[in-house]
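Only one structure is covered here, and it is reproduced in the block below.
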Amino acid sequence: MSNQPQRRVLEPVSDTGRNGLDYRELIKVSLDSLLANRLRTFLTMLGIIIGVASVVSLMTLGNGASEAITGQFSALGTNVLTIFNSRPNRGPGQSGNIAPLTMSDYKAIERIKLPIVGPVPQFSANATIAAPAADKSAGILGTTADYAKVQSVTMASGSFFTDANVQGASQVVVLGSSLKTYLFGSGEAIGETVRINSLACRVIGVMASKGGGGFGSVDDQAIVPITLAHTRLFSARTSDGNLRVTTISLSVIKAEDIDFTQERIQMTLRDLRKLNSDGSEDDFNIINQASFLSSLSTITTLLTTFLAAIAGISLLVGGIGIMNIMLVSVTERTKEIGLRRAVGAQSRDILLQFMIEAVVLSLLGGFIGVVLGSILPIVLTVTGTFNAPVTLNSVVISLSVSLATGLFFGIWPARNAARLNPIQALRHE
Amino acid sequence: MITIEQMTKVYTMGEIEVHALRGVNLTINSGEFIAIMGPSGSGKSTLMNMIGCLDTPSSGRYALDGIEVASLNDNDLSAVRARKLGFVFQQYMLLPRQSALANVEMPMLYRGISAQERARRAQVALELVGMGNRLDHRPNELSGGQQQRVAIARALAGSPSVILADEPTGALDSTTSEEIMHMLQQLNREQKLTIIIVTHESDIAAYADRIVTIRDGVVTTDRKNEVSHV
Ligand SMILES: Nc1ncnc2c1ncn2[C@@H]1O[C@H](COP(=O)(O)OP(=O)(O)O)[C@@H](O)[C@H]1O
Ligand SMILES: [Mg+2]
């Protein structure tokens, strides 16, 4: 006791009469507690981060995908009717002999007076197309000059071929934008000669990109006069001397005339094909772009709903993760709660502390989740792979669900612990 | 100043009633250093919990500095604990991931003391228990005896009327126990602190000035300790 340091005396506290924590102290206590237990804090946030990130990315990608799909098809024009050569309700094994779609069908439709642009016959086949610098196997579409109007073609340079080109079976070709880039790079293509199945054709136009990408896109095709395709490029003659076409399309001028036009064409073709005499089924199929779009939107809605459901499941799993860690952490922290109560904390102080901890965890985790979940859609959008802007919807939904779960499972067990008698809480093992 | 008259405590566990206290009478004056002794299960901890306002008696009277504790609600009891009482536990009960200083400051949060004043008092308290050079250490960086010193600093930093220590040396070896008891004795003399400890070891009780023995929930002996250690 000889070397005791000089002792000070703690004077009595001048009492403020105030009980409990004010909000600034509460926030500090909560943040201190979160920082002091970094691993626990991180693990709790992880559930929120994963849930929110997957909702944001899946919902955003789902939206982007369905918009890309619908966009690609509506670019084709909503008033367009396309006639295919197939039976609408053909079951398996029911092959039968189907009379192919030919130029006679096309001419029969042309003869009816209808409020339409077109019709245009389309004959598609693959061929090798060779430029001096590159060659490629590409889809060649033979059609008439009206194709440009029916399909609302816009030209990047040059022009589409004319009726005279079609009548004269001119050796001219119009290139899709991607095909042009493949064959000529950024150089000039107009006036150059390409060989289609070794037949020399002059490039007279390049179409603007229709976008959307995808399989069989017009951007990857070359378009030639149908007469050239029929006579010089491909063998298209049927056994009875007709010329085959792949599809016939036309654009109805006013949307309200679509149904009536479709019926007239159906009757005409049935007459021509002598289907009425024996009451056979149609051996052709008229696709109405508008009704196609609406059934497509059913599919894309299904896709988005499906992705949203997956996202919802991950949010649920994330929520269960939060719940678990919060429950475990409150059990672990019951002693701490008992201690704080014993030294004078009111139940309200404990409850508010846990509430603030839960809010901070949920908000911070939610924020990190939104950032992480946005990375993939933003990268895809910026690189031009896929247009998927982050939707406000997905952010709001995921944040509110995570906040609600975080708050509920942060507060509910803490409330029970705060109500315990301090002795029971202190003795808790 | 503590006045306890005819205090009883009955725990009901299903069908069984446990009479932990059966009419305790006890008066403790300011500045006393008192040891409560008795065999295991005699009601020592129960009595301490009553004095500590951690639980309420089944019947009887308890006044702490003139406050009739029996009539208080939960929030008022919290306020009394915050201002009048300092606790020392057998298992130290420090917040594991917080510094010694933060641990000592913690109780003062709940009674409206400013951050600056909290830090100042916590530092003085830690100096008083000889831990002035360990302010930033975490509990896992301290020995058991050092942790108990921090816990004692936490109990006295707010200048309570009474410090309650239930088996404060129960987890310590005998040398460390003597150091801790010596320190409590000094705090009692120099800081005029009222200290109540519970122990079942007479060596430990010997540091106190007065020794109260309880058995089966009643006080059996209450005597001055003439030969207390110096
Ligand atoms: N929370 C409780 N519930 C039921 N019985 C209890 C409770 N606390 C203590 N007891 C009983 O009260 C009696 C006194 O216990 P306690 O005060 O802890 O004794 P001591 O501290 O002297 O060993 C014992 O019989 C014990 O089992
Ligand atoms: Mg005991």
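Chain A is the first sequence line, chain B the second, and so forth, proteins listed ahead of strands; every chain is numbered from 1.
- Summarising the geometry, atom NZ belonging to A:Lys335 is positioned 12.5 Å from atom CG belonging to B:Leu95; distances are rounded to the nearest 0.5 Å.
- For A:Asn37, the parts lying under 4.5 angstrom from a heavy atom of chain B are both the backbone and the side chain.
- Heavy-atom distances place both the backbone and the side chain of B:Ala125 under 4.5 Å from chain A.
- Contact of B:Leu156 with chain A is made through backbone and side chain together, with heavy-atom distances under 4.5 Å.
- Between chain B and the residues A:Pro422, A:Pro12, A:Ala36, A:Ala345, the largest count of heavy-atom pairs under 4.5 Å involves A:Ala345.
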Evaluate the criterion side chain to side chain contact (heavy atoms under 4.5 Å, CB included) for residue pair B:Asp74 and A:Arg341; output intermediate values, then yes/no.
-> CA-CA 10 Å; B:Asp74 189 63; A:Arg341 293 278 283 124; 2.9 Å; yes
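- Heavy atoms of other residues, nucleotides or ligands lying less than 6.0 angstrom from OH of B:Tyr11 number more than 12.
- Although no hydrogens or angles enter the test, the distance criterion places a donor-acceptor pair under 3.5 Å between the side chain of B:Arg121 and the main chain of A:Glu11.
- Only the side chain of A:Glu25 comes within less than 4.5 Å of a heavy atom in chain B; its backbone stays farther off.
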Verdict with reasoning, A:Arg348 to B:Asn75, per side chain to side chain contact (heavy atoms under 4.5 Å, CB included) | CA-CA 9 Å; A:Arg348 173 185 157 277; B:Asn75 282 346; 5.9 Å; no
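- When the salt bridge (Lys or Arg N to Asp or Glu O under 4.0 Å) test is applied to B:Asp76, no partner is found at least two apart in sequence or on another chain.
- At a heavy-atom separation below 4.5 angstrom, chain A is approached by B:Ala79, B:Arg81, B:Ala82, B:Arg83, B:Phe87, B:Phe89 within residues 79-92 of chain B.
- Proximity to chain A among residues 132-154 of chain B is limited to B:Arg154, judged by heavy-atom separations below 4.5 angstrom.
- Within residues 349-375 of chain A, the residues that have a heavy atom under 4.5 Å from a heavy atom of chain B are A:Asp349, A:Gln353, listed by number.
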Kindly determine whether A:Val13 and B:Met108 satisfy side chain to side chain contact (heavy atoms under 4.5 Å, CB included), including the steps that lead there.
-> CA-CA 10 Å; A:Val13 177; B:Met108 290 184 278; 5.9 Å; no
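- Within the 4.5 angstrom heavy-atom criterion, atoms from both the backbone and the side chain of B:Ile113 approach chain A.
- Chosen from B:Glu117, B:Met106, B:Lys192, the residue pairing most often with chain A at heavy-atom distances under 4.5 Å is B:Met106.
- Considering CG of B:Asp55 and CD1 of A:Ile423, their distance stands at 6.0 Å, rounded to 0.5 Å.
- Interface remark: A:Leu35 contributes no atoms to any contact with chain B (heavy atom separation under 4.5 Å).
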